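Comments concern the structure below.
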Amino acid sequence: MARLEIHQFPTRSDNYGVLIHDPATEATASIDAPDAEELLAALHEKGWVLTHILTTHHHHDHTAGNTIVKRMTGCTIIGPAMEAGSIPGIDIKVAEGDTIDVGNAKATVIETPGHTRGHVSYYLPEDEIVFVGDTLFSVGCGKLLEGDAKTMWASLQKLMILPPETKLYCGHEYTNANCRFALTVEPENAALKVRAAEAAELAVKGEPALPSTIGQELATNPFLRPSSPAIQKRLGMEGRELSEIFGEIRKRKDRF
Ligand code: ZN
Ligand code: FE
């Protein structure tokens with residue numbers, strides 16, 4: 001069983017970088033490369049040598065560091081085949097069900113389109129970790145920039161069926177602000193109230209509320225809870241298609 005070390009660090013204005021390191025083989029992967037300089041500094045701080053970048057999607061705030069970091073480290077860049085044309089330096093194109101080895105660690109590709117057309121998440125079942133980029137956030141979800149509500153809802157459902165203890169790492173950290181919105185959708189949710197209080201405390205200390213877990217998100221994240229009777233009632237959408245209810249919650253968040 002892999003014993004991965006994980007290093008999470010804030011980068012750019014509101015992204016989060018994550019490094020995973022397999023001590024047995026010295027393999028090290030970065031989830032996305034938001035900023036070359038900050039990524040190289042994080043590697044230096046840990047004394048790790050980068051072997052892979054696992055790209056979740058083509059947006060600049062996830063790929064801006066690719067070219068320089070690849071030149072400096074010779075790492076292999078992996079990313080979604082569907083967005084290969086807009087991922088600088090991509091070496092290996094992946095799609096649903098593909099597996100990638102980072103040393104002894106094994107990541108499975110889950111296609112999670114919606115935020116972008118080809119967005120992928122990387123699931124490491126043995127390590128009970130999933131990297132979801134901008135698909136799912138702590139108490140939030142990504143904007144529907146290149147997909148509709150139905151597409152994104154299908155993607156979220158793939159993440160919702162992962163074991164509840166699975167740790168969730170996201171491309172950004174907005175938990176505190178997301179809780180304020182979530183409480184307008186489901187104010188009676190006791191787990192959400194607890195989460196909002198914790199997130200407010202962490203925000204004061206400048207600490208991230210990440211990683212979250214799939215179980216915690218299922219209990220508190222309104223975007224995963226369109227089946228909640230309280231939410232359906234509040235939105236006046238009792239018995240409607242879950243993807244439609246999800247879409248309405250997303251629209252309200254866009255206006256919030
Ligand atoms: Zn994005
Ligand atoms: Fe982003």
Side-chain angles (χ1 to χ4, degrees), residues 7-20 29-39 42 52-69 77-90 93-96 107 109-123 129-156 158-159 167-178 181 199 203 208-212 217 221 223-224 246-247 249-251 253-254 256:
H7 177 61
Q8 188 176 226
F9 59 99
T11 183
R12 299 183 73 98
S13 56
D14 66 2
N15 284 70
Y16 258 83
V18 190
L19 295 171
I20 61 175
S30 176
I31 313 309
D32 292 328
D35 180 273
E37 219 170 290
E38 290 172 331
L39 173 50
H52 303 80
I53 294 173
L54 307 183
T55 307
T56 60
H57 65 297
H58 69 86
H59 284 159
H60 185 70
D61 64 313
H62 298 258
T63 57
N66 281 20
T67 306
I68 292 175
V69 170
I77 301 182
I78 291 149
M82 205 180 286
E83 298 182 355
S86 45
I87 297 172
I90 189 166
K93 301 165 191 174
V94 293
E96 179 79 21
V109 174
I110 304 177
E111 290 182 344
T112 50
H115 176 68
T116 63
R117 269 176 62 238
H119 194 299
V120 296
S121 297
Y122 296 94
Y123 175 46
I129 297 173
V130 65
F131 299 103
V132 297
D134 288 0
T135 296
L136 178 60
F137 295 130
S138 167
V139 202
C141 84
K143 287 199 171 128
L144 306 183
L145 300 178
E146 299 177 14
D148 58 14
K150 228 186 168 92
T151 303
M152 185 61 132
W153 177 242
S155 295
L156 292 174
K158 290 178 171 179
L159 301 174
K167 288 183 279 301
L168 183 81
Y169 286 87
C170 316
H172 302 264
E173 157 61 331
Y174 308 120
T175 311
N176 196 29
N178 285 346
F181 168 73
L210 296 174
S212 180
E217 293 310 312
N221 188 326
F223 296 100
L224 304 188
F246 162 76
I249 300 170
R250 187 57 260 180
K251 271 191 208 136
K253 177 69 163 57
D254 289 339
F256 184 68

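Whatever order the structure lists ligands and atoms in, that order sets their numbers, starting from 1. All values derive from a computational prediction rather than experimental measurement.
Shown here is Leu210, whose CG atom has more than 12 heavy atoms of other residues, nucleotides or ligands within 6.0 Å. Surrounding NZ of Lys143 are at most 12 heavy atoms belonging to other residues, nucleotides or ligands under 6.0 Å away. Summarising the local packing, NZ of Lys93 is surrounded by 12 or fewer heavy atoms from other residues, nucleotides or ligands at distances under 6.0 Å. In Lys158, the NZ atom is crowded: over 12 heavy atoms of neighbouring residues, nucleotides or ligands sit closer than 6.0 Å.
Side chain of Glu173 to main chain of Pro208: no donor-acceptor pair is present (N/O by atom type, distance under 3.5 Å, no hydrogens or angles).
The Fe ion (ligand 2) sits nearest to atom OD2 when only the N, O or S atoms of Asp61 are considered. Looking only at N/O/S atoms, Asp134 comes nearest to the Fe ion (ligand 2) through OD2. Of all N/O/S atoms in His57, NE2 sits nearest the Zn ion (ligand 1). Note on His62: its N/O/S atom closest to the Fe ion (ligand 2) is NE2. Looking only at its N/O/S atoms, His59 has ND1 as the one nearest to the Zn ion (ligand 1). Of all N/O/S atoms in Asp134, OD2 sits nearest the Zn ion (ligand 1).
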- Let me see the working for Asp134 and Leu145 under side chain to side chain contact (heavy atoms under 4.5 Å, CB included), right down to the final yes or no. CA-CA 11 Å; Asp134 288 0; Leu145 300 178; over 6 Å; no
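Using a cut-off of 2.8 Å, one finds that His172 contributes an N/O/S atom close to the Fe ion (ligand 2).
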